Amino acid sequence: ARPPPPALLSSPTFGPLLRFLEDVDKRLDVPRHRDRRAFSPRFDILELPAQFELYGDLPGVNKADLVVELQDREKVLVVKGKRGECSVTGEGGEGAQGTYIIGERGMGAFEKRFRLPGEVSRAGIRATLEEGVLRVVVPRVMGVQEDGAHRIEIL
């Protein structure tokens with residue numbers, strides 16, 4: 001960004017404001033490599049009569065760096081892992097050094113927790129990671145009705 005013209009800096013109206021904003025910018029300035037955003041994947045959860053299906057976008061995450069677990073007591077599905085720095089060499093080939101001008105692709109560790117409504121079964125939970133999309137299928141316990149009336153037989 002270009003500095004403001006000297007006339008504005010000496011202005012009694014705008015000068016103090018511009019100096020304040022410049023000071024704030026200096027205090028908030030962090031090195032470029034720390035300015036990168038943390039990786040926070042996005043997820044969808046689909047509720048079906050027999051199961052829950054979770055879909056998460058995890059581009060660049062290796063299976064070895066990914067953990068999916070169901071915490072029984074709270075019926076919480078936990079997805080955690082990390083996405084490392086992407087290897088970028090540019091046109092200069094291997095060993096070429098560069099400075100990011102824009103760094104929007106986040107990286108680092110992440111953890112997401114999803115509370116599942118109703119009863120779920122640990123048996124039969126499946127998870128796959130294909131083309132950067134995580135799919136987790138969590139079967140529901142059949143015979144348990146969450147909503148609506150449940151007819152009780154009178155003996």
Side-chain angles (χ1 to χ4, degrees), residues 1-2 17-18 20-155:
R2 242 178 355 184
L17 176 62
L18 290 172
F20 170 75
L21 291 174
E22 192 174 82
D23 187 47
V24 168
D25 283 345
K26 285 179 186 174
R27 289 177 190 264
L28 294 178
D29 193 25
V30 291
R32 284 260 181 222
H33 69 280
R34 299 184 77 196
D35 197 22
R36 303 288 303 274
R37 293 183 178 185
F39 179 55
S40 181
R42 305 269 182 182
F43 287 86
D44 293 331
I45 297 180
L46 179 63
E47 183 177 7
L48 298 165
Q51 65 197 29
F52 295 100
E53 293 182 10
L54 177 134
Y55 296 89
D57 290 336
L58 301 174
V61 175
N62 296 316
K63 288 180 186 181
D65 296 328
L66 187 61
V67 174
V68 179
E69 61 188 18
L70 179 67
Q71 296 177 349
D72 285 335
R73 195 174 270 172
E74 301 165 353
K75 290 180 253 165
V76 174
L77 186 69
V78 179
V79 179
K80 56 187 170 182
K82 67 178 179 175
R83 182 165 89 170
E85 177 114 20
C86 297
S87 151
V88 179
T89 57
E91 299 232 359
E94 268 197 54
Q97 297 294 316
T99 302
Y100 280 100
I101 296 172
I102 297 174
E104 295 180 336
R105 299 181 305 159
M107 63 189 63
F110 64 89
E111 181 174 319
K112 300 282 250 188
R113 304 170 76 78
F114 306 97
R115 185 174 303 279
L116 299 173
E119 296 297 318
V120 297
S121 171
R122 291 177 61 187
I125 295 177
R126 299 182 316 272
T128 58
L129 180 65
E130 292 180 23
E131 296 184 15
V133 177
L134 173 69
R135 178 178 183 237
V136 182
V137 176
V138 182
R140 297 180 85 157
V141 174
M142 301 311 288
V144 176
Q145 259 186 331
E146 290 297 316
D147 296 323
H150 175 67
R151 190 171 200 134
I152 299 172
E153 183 178 339
I154 300 172
L155 298 173

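Bear in mind that the values here come from a model prediction, so they are computed numbers and not experimental data.
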- line: Minimal heavy-atom distance between Val137 and Glu53, with the atoms involved, is CG2-CG, 4.1 Å
Smallest separation among heavy atoms of Val136 and Ala127, with atom names: CG2-CB, 4.1 Å
- line: Distance col, row Leu54:CG vs Leu116:CG, nearest 0.5 angstrom, shows 8.0 Å
message: Counting C-beta onward and ignoring hydrogens, is there a side-chain heavy-atom pair between Leu77 and Phe52 closer than 4.5 Å?
response: no
- prompt: CG/Leu70 to NZ/Lys75 distance, rounded to the nearest 0.5 angstrom?
  reply: 10.0 Å
message: Strictly below 4.0 Å, N to O, side chains only: are Arg135 and Glu130 in salt-bridge contact?
response: no
- request: Run through Asp57, Leu134, Leu58 and flag the one making a side chain to side chain contact (heavy atoms under 4.5 Å, CB included) with Pro41.
  value: Leu58
statement: CD of Glu69 to CD1 of Ile125, rounded to nearest 0.5 Å, is 10.5 Å
task: Might you point out which heavy atoms bring Ser40 and Lys112 nearest each other, and give the distance in Å?
output: OG-NZ, 4.0 Å
message: I'd like to check Glu111 versus Val78 (side-chain heavy atoms, cut-off strictly below 4.5 Å). Are they in contact?
response: yes
query: If you count the non-hydrogen atoms of other residues, nucleotides and ligands that lie under 6.0 Å from NZ in Lys82, is the total more than 12?
result: no
query: Would you say Leu66 and Phe110 make side-chain contact, with heavy atoms under 4.5 Å?
result: yes
message: For a 4.5 angstrom cut-off between non-hydrogen side-chain atoms, does Pro49 reach Arg140?
response: no
query: Could you state the interatomic distance from OH (Tyr55) to CG (Asp44), rounded to the nearest 0.5 Å?
result: 9.5 Å
message: Any heavy-atom pair between the side chains of Pro139 and Arg126 that's under 4.5 Å?
response: no
